[in-house]
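A quick write-up on the structure given underneath.
We use all heavy atoms of the structure for the numbers below, so side chains are in, but hydrogens, waters and symmetry mates are not.
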Amino acid sequence: MTDYAKRIDQDAFRRDLINWFNNNKRTLPWREDQDPYKVWVSEIMLQQTQVDTVIPYFNAFIRQFPTPSALADADEQEVLKAWEGLGYYSRARNLKTAVKEVKESYGGVVPKEKQSLSKLKGIGPYTLGAIMSIAYNQPEPAVDGNVMRVLSRLCNIEEDIAKPKTKKTFEALVRQLISEQDPSSFNQGLMELGALICRPQSPKCDRCPVKAHCQAFHSNKQNVLPIKSKKKKQSTHSYYVLVLEDQSGQLLIEKRPENGLLANMWQFMMLEKKEVDQALILPYVEEVYQTQVFEHKQLESIKHVFSHVIWELDVHYFKVENIKHVEHSQMLVEKSKIDAFPFPVPHQKVYQYLN
DNA sequence: CAACCGTGGAC
DNA sequence: TGTCCAAGGTT
């Protein structure tokens, strides 16, 4: 294995990075103190999500659930509602499971032992290192996409950062480079540098505080590194969305399964297009929901791109008589009460098109 | 390991 | 419009 750390002046790099971070770090809500719970919540929200997107969610979330115990006592539906629009909803469900464990096993105090933290649901290698270093000032690697990009360039590392095995290489490298005196500033400095200067496209090398140490900069490879293999493209699934409104103005909605895509979120009825021919939708609705259709109109279609799947939605609105067949997972809800339920974005769009 | 798991911003 | 990608984790 190559000893990448030997390619740079480690002491000078540490010093320059930390000095730059302490003079240039952004003012962010989760940087107001070192409350381990706030660090934790912020790190979960920031997974695969941009800072500007997270800020308003973080502020509202901490206001609503100020402590681990407060979150532990909340309903999962409440938590999902607070997470609505952020995506990757298993983050919210895992966080809720984890704080319950913190409340029951650790008296509501976020543990500071590595072994305890890493057992909590939703805390993987990155988040473990982030909490350990930022909240408890322990020298633990926190390797995210920023860190791999920055260090790829710094040490001229040509391994594919999309491969899981490669992350271990970077963790080993960070263990050599990390500051024992200020691991918090070191880890955050790497990420802040990646976000503000050493960006994926057109890195601002002229303003980089560590360009003197950067192997890619010296060989003009900053636009080639890091090496990252492409992910395969999404497959498309086509559905009818069936919006049923009864005579008292109630809408029929259903809760999604507890596993898989958009788990435990709510939606309007969905039907795979290949199941029923377009011309037979109306009789299908009358038969399945044991009702009579008074009005039927097709609304705007929606294309929604997920990380690994694409939905094409043909939205059909039905004004119906009272619905006699309502499954356990389904509910009739007054229009004015519908915003109490956590809806994923594509179904929020459906609702918007009703008005 | 590779696939699954959301959404919005940037270019 | 397409493509990448953003403070990843779980299975």
What is the distance from atom CG of A:Leu117 to atom NZ of A:Lys119, rounded to the nearest 0.5 Å?
11.0 Å
Name all pairs fulfilling the side chain to side chain donor-acceptor pair (under 3.5 Å) condition that reach into residues 55-69 of chain A, sequence neighbours left out, sorted by first residue then second.
none
Rounding to an integer number of Å, can you tell me how far A:Ile161 CD1 sits from B:dA2 C1'?
17 Å
Do A:Val241 and A:Met269 have side chains that approach each other closer than 4.5 Å (heavy atoms only, starting at C-beta)?
no
So if I take residues 36-51 of chain A and measure heavy-atom distances to DNA chain B, which residues fall below 4.0 Å?
A:Gln48, A:Thr49, A:Gln50
Flag the pair A:Ile338 / A:Phe343 as yes when at least one side-chain heavy-atom distance between them is below 4.5 Å, and no otherwise.
yes
Could you identify which residues of residues 340-355 of chain A place a heavy atom less than 4.0 Å from some atom of DNA chain B, listed by residue number, or say none?
A:Pro344, A:Val345, A:Pro346
By nearest heavy atom, map A:Gly122 and A:Trp30 onto DNA chain C; which one lands nearer the 5' end?
A:Trp30
Going by heavy atoms closer than 4.0 Å, what residues in residues 87-97 of chain A are next to DNA chain B?
A:Gly87, A:Tyr88, A:Tyr89
Taking for A:Lys168 and for A:Asp52 the nucleotide of DNA chain B with the nearest heavy atom, the one nearer the 5' end belongs to A:Lys168
Side-chain donor-acceptor pair under 3.5 Å between A:Glu192 and A:Asn24, yes or no?
no
Kindly state each residue pair satisfying side chain to side chain donor-acceptor pair (under 3.5 Å) with at least one member in residues 280-291 of chain A, sequence neighbours excluded.
none
Any pair with a residue in residues 130-142 of chain A that passes side chain to side chain donor-acceptor pair (under 3.5 Å), sequence neighbours left out, goes on the list, sorted by first then second residue, please.
A:Lys114-A:Glu140, A:Ser133-A:Asn187, A:Glu140-A:Arg175
Can you list, in residue-number order, the parts of residues 303-313 of chain A that come under 4.0 Å of DNA chain B, counting heavy atoms only?
A:His304, A:Val305, A:Phe306, A:Ser307, A:His308
When you compare the side chains of A:Ser185 and A:Arg14, does any donor N or O come within less than 3.5 Å of an acceptor on the partner?
no
Please collect all side chain to side chain donor-acceptor pair (under 3.5 Å) contacts where either partner lies in residues 298-312 of chain A, sequence neighbours excluded, each pair once.
A:Ser238-A:Glu312, A:Ser301-A:Asp314
For DNA chain C, determine which residues of residues 220-238 of chain A have any heavy atom closer than 4.0 angstrom to one of its atoms, and list them numerically.
A:Lys228, A:Lys230
Set of side-chain hydrogen bond (donor to acceptor under 3.5 Å, both in side chains) partners for A:Trp40, sequence neighbours left out:
none
Please list, in numerical order, the residues of residues 178-190 of chain A that have a heavy atom closer than 4.0 Å to any atom of DNA chain C.
none
Start and end of chain A contact along DNA chain C [non-hydrogen atoms, under 4.0 Å]:
C:dC4 to C:dT10
